[in-house]
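Within every chain, numbering begins at 1; the chains are lettered A, B, ... in the order of the sequence lines, protein sequences first and strands thereafter.
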Amino acid sequence: MSNQVKEQAKTEDEDRGFKRGTPNTVLHIDDVHKSFAGLHALSDVDLDVREGETHAIIGPNGAGKSTLLNVCVGRLKPDRGAVVFDGNVLTGKSPHQINQLGVARVFQTPEVFPELTVLENVMVPALSKRDGHFRLNPFSSFSGEKALRDEAKHVLESVGLQAQFDDLASSQSRGDKRRLELAMGLIQHPRLLLLDEPTAGMARHDTNATIDLLKKIKEGGMTKVIIEHDMHVVFSLADRISVLAGGRIIAQGTPEEIKNNPRVKEAYLGEEQV
Amino acid sequence: MTSSWKDWALLIGFSAVILCLPILLEPIGANYPDLLQKIAIFGLFAIGFNILFGLTGYLSFGHAAFIGIGSYMAMWSYKLLTMNVLPAIIFSTAIAGLLAFAIGYVSLRRSGIYFSILTLAFAQMMYNLAYSVLTPLTNGETGLQTRAIRSDPNQSLLDGDIRVIDQAFGVEEIGVPTTNFFGMAMSGYTGFYFCAVILILGFFIAQRITHSNFGMMLKAIKSNQNRLNYTGINTRPYLITAFVISGMYAGLAGGLMTATDPIAGAERMQWTASGEVVLMTILGGVGTLVGPVLGAGLIKYAEQKVSSWNEGIIADFFSFLPDGLRDFMAEISSLFVGEGWHMTLGLMFMIIVIFLPGGLMEGFRRLSVLFRRPKNRETMKSATIPSTKPGESIAPRAAE
């Protein structure tokens, strides 16, 4: 079924004449504009994310980083331009369709299911991955999903939440909620994982643990886009960095290139001094 | 998991209690078939309502419409086909499901208060239509009733019924036609047991839905619908399905109302009936399996019994007190019984919402924690105390 959808989307793209990125591009952001009441949040944003890389998007507050992410996952519709993921135009698709194509998002403020247990929180996205966006199965037993439960436990162990499977998500600390959300993204084995400040609000040792975890996933070949303020995190994880300022991409390159880029220093590093 | 034997234990326990209701309710004088039937039927209605409200959090104020259409459908089945209740309730359920799909499809475009208002508007529309445009189908204020069979084809349906199936099988009718279940007359305790068996069946289905993957998605919708969308779930079809299922429960309940007393009037569709099921669910415990039935039982008991108590009964109750005090107490209490039974209901509702937002089921849970605590204090520390914090229990977790 998903193949059929892909085929259809492909012909749609070609009809509309969308540009494609290089062959190993997974996410291609093509000339995206977005303005809110006259304020240009994003203008002329072009960005290619390559297969398997960790791509960090940095920039001062209000640079448009979160807007860009929201455009990618279908929360916002760009005024112009398109986002193409793996041959599918994401622009105009609803969030659940985008997720089903293999894009998972980890939110900045933890978005979990507060009234469900930690384990259930991870099993819900696992079910979504396995059964698709809707499946009428009112008589299948949730407690009988042994394989999914084991997988969910495994993923929760990998993020360090093995002690609280049956606790309610609402009773978790903020840091644990963030880890839980990461697990909710990871269990879907997305082709592209979008992380919105995954370590914000975490203590130092938790941040390091998260970096280690994200490094481990990198070895697994998952493509990741990370928005992050913490330069320590950015430079330990990113393969390439894009710098967003005033709604435009002012620089793009490897961490080394970015560190030495005078425009970046002026716009960003100069102010914050890392 | 070990939850499956718990499910079976709950189901068996529930069935036993429901089937023994005539004995269990004897001490409080509620063991007469009419009240028992009402408890079973409204229990079923509340169970279905809870699948929508308890699991997804979408509060419908228009479920009376499904009760109404269920009743009318069953009546037409009696009038046109047969006095057997089985086809009648099948039609009730099916047509209510179709109507629920139509109403749900439109109403579920909105959530929260707007959803509630939309459902209320649809129900009121149905209610008014039944009195006006649809009078040929509903018989307006008189209500739809069964009549004797007219053999003259020109006369039939004008002032009589045809009941083609009954006629084909040559069923004899003497006087006012009565409903039956393959020959068993649906009156008295037979009627109650018929409703009770369907209630148990409905409970079983609700239990399976609650503990299914589908039910988990519904709970996730209640918990954080936005997040669920970003998790790849299209929540709309889930919501529509839940709405249709709960509408079908209501339609079935509406059909059952006619099973023992074959008459249907539009007053069943009034908004107060929609409000009543909300009260039942909240009183018993939103999101729990047993709660809605408990709430339905309590409200129907209050409606039938408390409303019939008079000052004499009250004075007897307080007869152990000295004269002056007895009169005073009787005076005060009499405000809450008889015609004032709504005061009792309102007071009960307020006390529960303020002190036990999880309904009676939360009360039982707290009691059981209280009794269990001394035994294994060590293990209880972190496990149960957070879940019984009053502030957090507005939306209790679905029954285990």
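The pair A:K153-A:E157 fails the salt-bridge criterion, with no side-chain N (NZ, NE, NH1 or NH2) lying under 4.0 Å from an Asp/Glu carboxylate O. Using a 4.0 Å cut-off between charged nitrogen and carboxylate oxygen, B:R227 and A:E181 count as a salt-bridge pair. Salt-bridge formation is detected for the pair A:R130/A:E145: a Lys NZ or Arg NE/NH1/NH2 atom is positioned less than 4.0 Å from an Asp or Glu carboxylate oxygen.
Both the backbone and the side chain of A:E111 come within contact range of chain B, each with at least one heavy atom under 4.5 Å from a heavy atom of that chain. Proximity to chain B is absent for every atom of A:N121, based on heavy atoms less than 4.5 angstrom apart. There is no contact between B:I245 and chain A, counting heavy-atom distances below 4.5 Å.
Aromatic rings from B:H63 and B:F243 are positioned such that their centres are separated by under 6.0 Å.
Each of B:M216, B:R208, B:Q225 has some count of heavy-atom pairs under 4.5 Å with chain A, and the biggest count is that of B:M216. Chosen from A:R135, A:Q97, A:K146, the residue pairing most often with chain B at heavy-atom distances under 4.5 Å is A:R135.
The cationic atom of B:R110 (NZ for Lys, CZ for Arg) does not lie both less than 6.0 Å from the six-membered ring centre of B:Y58 and within 45° of the ring axis.
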